[in-house]
Participant: 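Just passing along the structure, written as structure tokens.
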Amino acid sequence: MRKRMIAGNWKMNETYSEGVVLARGLAKELEAGTGDVDVVVCPPAVDLKGVSEVIEQESAPFALGAQNVYWEEKGAFTGETAPGMLTNIGATHCIIGHSERRGYFGETDEDINKKAKALMAHGIVPISCCGESLEVREAGMHVEFVVEQIKADTAGLTIDDPSRYVIAYEPIWAIGTGKTATADDAQEVCGAIRKTLAEVFGQETADGIRILYGGSAKPENVAGFLEKEDVDGALVGGASLKADSFAAMVKVVM
Ligand code: 13P
């Protein structure tokens with residue numbers, strides 16, 4: 001019922017020119033199509049237009065996502081990007097609430113909630129991230145912690161089409177460390193997320209929302225995560241920076 005999704009978060013990697021080359025490489029790798037998998041590529045803001053052009057020129061089978069957005073429509077917000085600016089250049093998805101933005105840039109659940117509302121008002125699919133630190137995990141509080149994030153991040157949202165709101169569970173201790181959560185660890189939290197979504201939005205909506213796992217996901221381990229009932233895809237950092245490894249992840253779960 002839920003279509004699988006593999007999303008690549010390039011983070012602050014790839015200049016404009018490098019991003020165009022990477023996107024072209026990915027278009028070539030995936031030229032035979034992506035079956036029943038939604039693929040999304042999320043480059044840095046300055047690369048978005050270039051990657052958008054590649055998608056158009058090559059009829060590439062992947063969607064374009066941003067890594068951040070501001071919730072206001074326009075105005076004196078130096079350095080920020082409005083939702084309408086993203087739709088104008090062809091972005092259809094946007095990551096919000098990544099732990100790096102929460103940690104380095106002080107983003108709060110309230111900010112993330114406002115960003116989700118602004119994106120949805122513009123028809124952009126949020127990929128809303130949550131996840132606990134090592135400290136929280138070691139204290140055995142990870143489920144409670146993530147459930148609270150989900151409640152705060154989704155407060156007051158109207159989700160008419162659950163296929164257009166995506167959550168990514170990314171345990172912070174597994175990001176860029178090579179240390180992955182086990183598939184059972186991911187299922188434990190993703191299952192709790194879905195239960196929380198059912199309490200907030202009703203079971204039918206909860207059953208339609210995709211929950212991705214992120215944190216050192218790679219071609220060798222991605223299938224194991226997706227075997228789990230409540231894991232519907234992956235949000236990939238490092239392994240999305242090489243066209244062949246990212247395409248391999250798509251092919252493994254197609
Ligand atoms: P890595 O796949 O490099 O661990 O990054 C995960 C991530 O943060 C994706 O958003």
Side-chain angles (χ1 to χ4, degrees), residues 4-14 18-19 22 26 37-45 47-48 51 62-69 91-105 107 111-112 115-116 119 124-134 136-137 142 145-146 149-150 153 165-183 185-186 189-190 193 210-226 228 231-253:
R4 292 176 158 190
M5 176 180 279
I6 302 290
N9 175 8
W10 293 3
K11 307 192 178 184
M12 199 176 74
N13 296 292
E14 313 303 321
E18 290 163 351
L22 177 53
L26 188 60
V37 181
D38 280 340
V39 180
V40 186
V41 165
C42 304
D47 298 5
L48 286 169
V51 175
F62 49 85
L64 182 66
Q67 296 176 13
N68 187 27
V69 69
T92 51
H93 294 66
C94 183
I95 297 170
I96 52 173
H98 194 281
S99 59
E100 288 148 18
R101 294 216 55 88
R102 293 177 188 256
Y104 299 133
F105 305 102
E107 277 189 18
D111 296 336
I112 292 149
K115 290 180 181 195
L119 289 171
I124 302 173
V125 178
I127 302 176
S128 187
C129 305
C130 57
E132 81 286 356
S133 64
L134 186 59
V136 170
R137 160 81 44 176
H142 49 287
F145 181 87
V146 172
Q149 284 186 322
I150 295 294
D153 296 348
Y165 182 79
V166 177
I167 288 176
Y169 168 57
E170 301 203 311
I172 299 169
W173 47 273
I175 296 178
T177 56
K179 195 169 166 180
T180 39
T182 64
D185 290 335
V189 179
C190 293
I193 292 172
R210 266 107 30 114
I211 306 176
L212 316 182
Y213 167 76
S216 301
K218 45 185 188 261
E220 299 75 37
N221 63 20
V222 70
F225 288 104
L226 272 85
K228 295 293 170 184
V231 181
D232 307 307
L235 180 56
V236 186
S240 73
L241 296 174
K242 294 256 181 308
D244 56 353
S245 66
F246 189 60
M249 295 180 78
V250 175
K251 289 173 189 168
V252 164
V253 303

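We're numbering straight along the sequence, starting at 1. Just follow the structure's listing: the first ligand is 1, and inside any ligand the first atom is 1.
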Participant: Is the shortest side-chain N to carboxylate O distance from Asp111 to Arg102 below 4.0 Å?
Facilitator: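 No, this pair does not count.
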Participant: Strictly by modelled atom types, are Trp10 and Gln67 linked by a side-chain donor-acceptor pair under 3.5 Å?
Facilitator: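 Note: Trp10 and Gln67 side chains miss the donor-acceptor criterion.
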Participant: To check you understand the geometry: which heavy-atom pair defines the closest contact between Ser99 and Ile175, and what is its length?
Facilitator: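 It is OG-CD1, 3.4 Å.
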Participant: Please determine, by modelled atom types, if Tyr169 and Gln149 share a side-chain donor-acceptor pair under 3.5 angstrom.
Facilitator: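 No - no donor-acceptor pair under 3.5 Å links their side chains.
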Participant: Between the protein and ligand 1, are there any N or O atom pairs that come within less than 3.5 Å of each other, and if so, what are their names and distances?
Facilitator:
from, atom 1, to, atom 2, distance (Å)
ligand 1, 2 (O), Ser216, N, 3.4
ligand 1, 2 (O), Gly237, N, 2.9
ligand 1, 3 (O), Gly238, N, 2.8
ligand 1, 4 (O), Gly176, N, 2.7
ligand 1, 4 (O), Ser216, N, 2.7
ligand 1, 5 (O), Lys11, NZ, 3.3
ligand 1, 8 (O), Lys11, NZ, 2.8
ligand 1, 8 (O), His98, NE2, 2.8
ligand 1, 8 (O), Glu170, OE1, 3.3
ligand 1, 10 (O), Asn9, ND2, 3.0
ligand 1, 10 (O), His98, NE2, 2.9
ligand 1, 10 (O), Glu170, OE1, 3.2
ligand 1, 10 (O), Glu170, OE2, 2.9

Participant: What is the minimum heavy-atom distance between Leu22 and Ala243, and which atoms define it?
Facilitator: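 Nearest pair, atom of Leu22 first, then Ala243: CD1-N, 3.6 Å.
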Participant: What pairs of residues pass the side-chain hydrogen bond (donor to acceptor under 3.5 Å, both in side chains) test when at least one of them lies in residues 232-246, not counting sequence neighbours?
Facilitator: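 Counting only pairs at least two positions apart or across chains, the side-chain hydrogen bond (donor to acceptor under 3.5 Å, both in side chains) contacts touching residues 232-246 are Arg2-Asp232, Arg194-Asp232.
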